[in-house]
Amino acid sequence: MKKHSISLQVNGAVHEITIQPNKTLLDVLRDELNMPETKYGCGTGECGACTVLVDDQKVINSCLTLAATMDGKSITTAAGLQTAEGTLHPVQEAFVENAAVQCGYCTPGMVLKSVGLLKKNPNPSEDEIREWLEGNICRCTGYEKIVTAVQLAGKKIAQADG
Amino acid sequence: MTEFRTVGKSEIKIDVKAKVTGRAVYAADINLPGTLHAKIVRCYEHAHAKVKSLDLSEAAKIPGVVKVFAPEDLTTKFYNQSVIDIMVSEDMRGMLGDIEDQKILTDHVKHYGDGIAAIVATTEEAAERAAERIKVEYEPLPVYLNATESSQDGAVQFTPQKPRNMAFELPEPAFPNNTLGWGDADEGFKEADIIVEDNFYTSKQKQAQMEPNSYIALYDDDGLLSCWTSTQMPKSVQPKIAKLFNLPMSRVRIIQTVVGGGFGARLGMVLEPHICALAMALPGHPIKVQSPREEDWLTSPSRHPGDYWMKMGFKKDGTPVACDAKFVNYKGGYYLDGSGVAFTTGGWVSGLYKFGALRYKGESYFTNQPVCGAYRGYGNPQTNFVLEQLVDRACHELKIDPVEWRKKWHKDVGDDGWCAGVPYASCALDEVLDEGAKAIDWKAKREKYAQQTGVKRRGVGVAVMVHTSGAMPMLLEHTVCTVRLNEDATAVVAFACSDMGQGSHTTLRQIAAETLGFPLEDVSLSVGDSNDAGYDIGAHASRTLYVGGGAVMAACKDALKQLLERAATMLEANPDDLEIEDKQIFVKGSPDRKVAASEICSGGVYPFLNPQTGAPDTIPGQILGYSSFNPMHNSPPFGACFVELEVDTETGEIKLIEMVNGHDIGRAINPAVVEGQLEGGAQQGLGMALTEELYFSTDGKVLNNTFTDYKMLGPSDMPKITNVIIENPDPHGPFGAKSVGEAGLVAPVGATANAIYNAIGIQITDLPITPEKILKALNEKHAA
Ligand code: FES
Ligand code: FES
């Protein structure tokens, strides 16, 4: 298999890497770059555990994305939402304060998916949040505290920008 | 709640920051240098077959393959992946007929996805490629997908130990006539004015925890076998692995990683035997396996599906004179806890209502399906679906309000619990029902929905349940805890209790801090490594907060006692006259006579010798509190769930509108954790009622082992949720607490079915209640 050279920016750091064309972004993040915060839940685009943020705008399932197509892109993972000094992103903060986390396996994906929503729609209704989170499965929380955490995060961001 | 410092507060969970940043380390996230990758090769051609020949030669030639394994290349000793065997005495084990019937790899495939070979390679890809080169010839055998088929004459025997493929029935003489209950049911029915009776099917639901199974094992140069796993039961896996491989326990170390959900799927072992066997075959190499999501439905145990028949008799005034019931479950290919669910399913019937007489039979039969074991509720959701629907059918015939009937006839303080001989010590079900009914506006809605004619019809239903806090007296209950006081009077609390996300480490820490009288931040936990803490069975039977909490409290009291005794010596006072506040110990009434806890602790750790006297100036010895705790009760929590929904009579579709979860918690140590358990339980209970079931082709292939096809309720399917948490402290639980973990799933099942009954006047007796079943029932009703 012919290998591809790509340049991938992850959480601000640029990685020049050579990869096999069949590698997904999830494989590359976890196995090549040793960044296990992005989770494998199904590998088939059905659970959202592998969600990452691309170019600070769009959320994608990294398990369905060939890494080769991400050449030149900037990827944010859950770890990258936190500042180097340790300050959590408002969405992370809201998940913590609102007890929206149980086993935590869905959480990095949920947090990023929620960040993606708030970027598009800073003040979503409860129904809009629920609709948007379809595709990200959580088996622990019944979604209740996740939904209210996203509402809380929206308020936090508005206040900070305010 | 001013009397407590931290108990009763929704303290932030211990590991939550690591989880929102993704830094929490699950098994799949661990990469040891030199790791090799394993793949278990599974049979996807047949659900029942003998392996006639297995040719691994081509697979072995794939570059990167280190070794290929046929069944006989690993231990061929039988084992049982579940843990009932270590939770009962040998006599009891014999009486129950528990058996070991699993092998790491098999030549008798008993279900779709059974493991037949294994490969270890330098990369996952190489292992995958090699798996494709394995040549297998099978001799297909007849496939049995229910108890009737597998128990018929001439059926192929799953194991010679269990004739007619009957894995279990309630054994004589402990259960006369193989039944559980009291009184004479036949006589009871003679007094009945009405009888309700039906056959039900309860489904094969899967826990579907979000973390797929992943393990690492290393058999190192010192002969120590280490296994990193997300098991719910590290201290039960340790002796089981030791026994399987003939190792002393001192040579087996189980390291529990962060657990990405369990719900029973990780009760006992899943692939720990496989990964440990491969590690022992290749000493010095860490071996890792990441099983694909779709294998989880095939390899870790599900809920027991089965046929459930029940009959109940009532007098006109609602008196329940008798109940007769039989649950025949489909075990799947292997025994696991074949005795457990067959028993408890009846236990839950016996625990709930004051029947004049009860007779329950429970049986398990092997089938060619993936295995069944523990799943949150352990038979209780099955019983709730059946019992609660029949109660509502009787209430309808007798024109009695279902809430009122339940208030009148549920068991209460002093009545025998789910296990005869252990009476209820607390019960707040009346209050839970009253508050729940108020929250959902029960009376008004029942009246309003009685006269509907439109296409879309609303319904509101109720169900109640009783569960348990730990498994005594049926199974062993034991947790060990140690509390070490550091020289600055902070504490390290060590135990092997599991936190699968339910928050138990957080709540146990709150119990420790409260008992010691220390601030929460002054208590740290030592958890996760089987070598660092004493015994704990593991997370099951909603026991962790209750039994673990009891152990933590006892160990902390022991440490505190030692601290106060030393203070008493130093202050020349009686230990009983001392108080601790802000880590200062003082004589009650004389706040000036005091000593800092840190002074005592530091003096214990640093007993410097006085050069004049040659003796230490301080009381020597680091304080260590200890408990080896066996609870004397199981403090069952009660619960009531109300569900409101809308049925579209043209499409059969159901829209969930609202639910009220009422729970008799005793004491909420951390209210947010309690709510989380109820809300998460609801998603699984509502899903069990409406969508979740593993489907099979006639030849036993699993048809829906993906998230798209195994439908679970998503965020927009969930109703509005209100939690009603009633605190009525239990005399036995730590700070009065009872359990909640499993309970949250149970009553939503019956409440959903009863809401449908209220909406359309039909009871669906087959789980899950799909639109197709509703439409079919509506059509039959019209035709009739
Ligand atoms: S792992 Fe990517 S969607 Fe499930
Ligand atoms: S917290 Fe466990 S899956 Fe969401």
Side-chain angles (χ1 to χ4, degrees), chain A residues 20 22 30-31 34-47 49 77-82 86 88-89 91-111 126-127 129-147, chain B residues 10 12-13 15-26 28-31 124-125 207-212 214 258-263 290 292-294 499-503 670 672-673 675-684 686 706-708 712-718 721 723 744:
Chain A
Q20 288 183 357
N22 64 346
R30 287 186 65 85
D31 303 337
N34 218 343
M35 303 176 87
E37 66 268 22
T38 307
K39 300 298 174 200
Y40 162 77
C42 67
T44 43
E46 298 166 278
C47 78
T77 69
L81 288 175
Q82 190 185 26
L88 295 177
H89 185 279
V91 171
Q92 292 173 316
E93 235 174 57
F95 271 59
V96 169
E97 289 167 16
N98 206 46
V101 178
Q102 290 192 27
C103 81
Y105 203 79
C106 73
T107 308
M110 280 287 181
V111 163
E126 182 182 336
D127 283 349
I129 296 171
R130 287 183 184 270
E131 196 108 322
W132 178 262
L133 293 180
E134 284 291 340
N136 281 56
I137 300 176
C138 175
R139 190 54 156 169
C140 297
T141 62
Y143 302 100
E144 189 70 19
K145 297 206 186 310
I146 292 177
V147 172
Chain B
S10 293
I12 301 274
K13 286 198 192 164
D15 52 3
V16 65
K17 281 191 189 156
K19 285 175 173 174
V20 294
T21 54
R23 271 196 292 272
V25 179
Y26 301 82
D29 304 337
I30 297 170
N31 287 308
E124 275 183 276
E125 291 79 12
Q207 298 85 346
Q209 77 295 333
M210 282 310 295
E211 181 206 5
S214 183
V258 174
V259 183
F263 318 114
Q290 168 68 72
R293 163 59 58 187
E294 50 288 5
D499 192 335
M500 310 180 275
Q502 77 276 47
N670 182 319
V673 164
E675 289 163 14
Q677 288 304 296
L678 291 173
E679 290 157 5
Q683 189 265 357
Q684 298 184 12
L686 296 168
T706 64
F707 281 134
T708 301
M712 302 188 286
L713 300 185
S716 42
D717 301 318
M718 291 294 290
I721 297 182
N723 301 304

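Side chains included, hydrogens not; waters and symmetry mates left out as well; all remaining heavy atoms used. Lettering of chains follows the sequences in order, A, B, ..., and the numbering in each one begins at 1.
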With the side chain counted from C-beta on, respond yes when A/E46 and B/T706 share a heavy-atom pair under 4.5 Å apart, and no when they do not.
yes
Side chain proximity check, A/Q20 to B/E125, heavy atoms < 4.5 angstrom
no
Given the options A/T107, A/I137, A/V111, A/T44, which has more heavy-atom pairs under 4.5 Å with chain B than any of the others?
A/I137
Counting heavy-atom pairs under 4.5 Å with chain A, the top scorer among B/L678, B/T708, B/I12, B/V259 is B/T708
Between B/Q677 and A/Q102, do the side chains contain a donor N or O and an acceptor N or O under 3.5 Å apart?
yes
What I want to find out is whether B/D29 reaches A/R30 closely enough, with some N-O distance under 4.0 Å, to be called a salt bridge.
yes
For B/P292 versus A/Y40, what's the shortest heavy-atom pair and its separation?
CA-OH, 3.2 Å
Sort B/S10 into side chain, backbone, both or neither according to what part of it lies under 4.5 angstrom from a heavy atom of chain A.
neither
A/R139 side chain vs B/Q207 backbone, donor-acceptor pair below 3.5 Å:
yes
What residue, out of B/A672, B/A208, B/G744, has the most heavy-atom pairs lying under 4.5 Å from chain A?
B/A208
Would you name the heavy atoms of B/Y26 and A/G104 that are closest together and state the gap between them?
OH-C, 3.0 Å
Under 4.5 Å from a heavy atom of chain B, the part of A/K145 involved
both
Is it the backbone or the side chain of B/M210 that comes under 4.5 Å from a heavy atom of chain A, or both, or neither?
both
Of the non-hydrogen atoms in B/G714 and A/Y143, which two are nearest, and what is the gap between them?
C-CE1, 3.8 Å
Given a strict heavy-atom distance threshold of 4.5 Å, which part of B/N670 is in contact with chain A: side chain, backbone, both, or neither?
neither
Please classify the contact between B/I721 and chain A as side chain, backbone, both or neither, with a heavy-atom cut-off of under 4.5 Å.
both
Below 4.5 Å from any heavy atom of chain B, which atoms of A/Y105 appear? Answer side chain, backbone, both or neither.
both
Examine whether an atom of A/A79 lies under 4.5 Å from a heavy atom of chain B, and if so say whether it belongs to the side chain, the backbone or both; otherwise answer neither.
both
Compare every heavy atom of B/G22 with every heavy atom of A/A78, then report the nearest pair and how far apart it is.
CB-N, 4.3 Å
Chain B contact via A/N98 - which portion, at a heavy-atom distance below 4.5 Å
neither
Does the B/K19 side chain pair with the main chain of A/C103, one donor and one acceptor, at a distance under 3.5 Å?
yes
Report the distance from atom CD of A/E93 to atom NZ of B/K17, rounding to the nearest 0.5 Å.
8.5 Å
Give, as side chain, backbone, both or neither, the part of B/V258 having an atom under 4.5 angstrom from any heavy atom of chain A.
side chain
Closer than 3.5 angstrom, by distance alone: can the side chain of A/E134 be matched with the main-chain N or O of B/S716 as a donor-acceptor pair?
yes
Backbone N/O of B/V20 and side chain of A/Q92: donor-acceptor pair under 3.5 Å
yes
Taking C-beta and beyond as the side chain, do B/F263 and A/C140 meet within less than 4.5 Å on heavy atoms?
yes
Less than 4.5 Å to any heavy atom of chain A: does that hold for the side chain of B/A24, its backbone, both, or neither?
backbone
Is it the side chain or the backbone of B/L713 that comes within 4.5 Å of chain A heavy atoms, both, or neither?
backbone
Measure the OG1-NE2 distance between B/T21 and A/H89 for me, rounded to the nearest 0.5 Å.
13.5 Å
Ranked by heavy-atom pairs below 4.5 Å to chain A, first place among B/Q684, B/E294, B/K13 goes to B/Q684
Counting heavy-atom pairs under 4.5 Å to chain A, which of B/P212, B/G260, B/G681 comes out on top?
B/P212
